[in-house]
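Worksheet: the structure to be examined is printed underneath.
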Amino acid sequence: MMIPCPHCGERSHSEFTYGVDATLRRPIDPEVASDDEWYDYLYLRANPCGMHRELWHHTLGCAQWIEVERDTLTHQIRRATAVGRGAGGQ
Ligand SMILES: [Zn+2]
C-alpha cells in the first residue's frame, strides 16, 4: 500500500505508523464526562468496512501526522491531508 504524504509525496506504508481513528472525539467537557463516555472514547472502536478516516504518523519520513481517508476493504486511499501539531491521537 502506498500512502501519499502531503509533505513527502507517495511512500510505502512501511514508512508509516497507524495512529488512531480520525473520527474519535474526546469528551467535550472532560470534568463532567461520565465513566461510560470515557470508556467509549478510550476503548470502543468501530470496525468499518469501506471508507474510513485515520491518523497516520510518517515515522520514517517527515515525522508529521497526516489524516488518511482509506477504504478498509481495498486499501484504496482517496486522500491524505496534513494535520496540525498535536492532532495525533486527539
Ligand atoms: Zn511525510
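In listed order, ligands and their atoms are each counted from 1.
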Who passes salt bridge (Lys or Arg N to Asp or Glu O under 4.0 Å) against Arg78, sequence neighbours left out?
-> Glu69
With sequence neighbours excluded, tell me which residues meet ring-ring contact (aromatic ring centres under 6.0 Å, His included) with His58.
-> Phe16
Between Arg70 and His75, is any side-chain donor less than 3.5 angstrom from a side-chain acceptor?
-> yes
Hydrophobic cluster membership, Val20 vs Trp56, 4.5 Å side-chain cutoff | no
With the Zn ion (ligand 1) at the center, what angle do SG from Cys8 and SG from Cys5 span, rounded to 10 degrees?
-> 110°
Examine His7 and say whether one of its N/O/S atoms is closer to the Zn ion (ligand 1) than 2.8 Å.
-> no
Name of the His58 N, O or S atom nearest the Zn ion (ligand 1)?
-> ND1
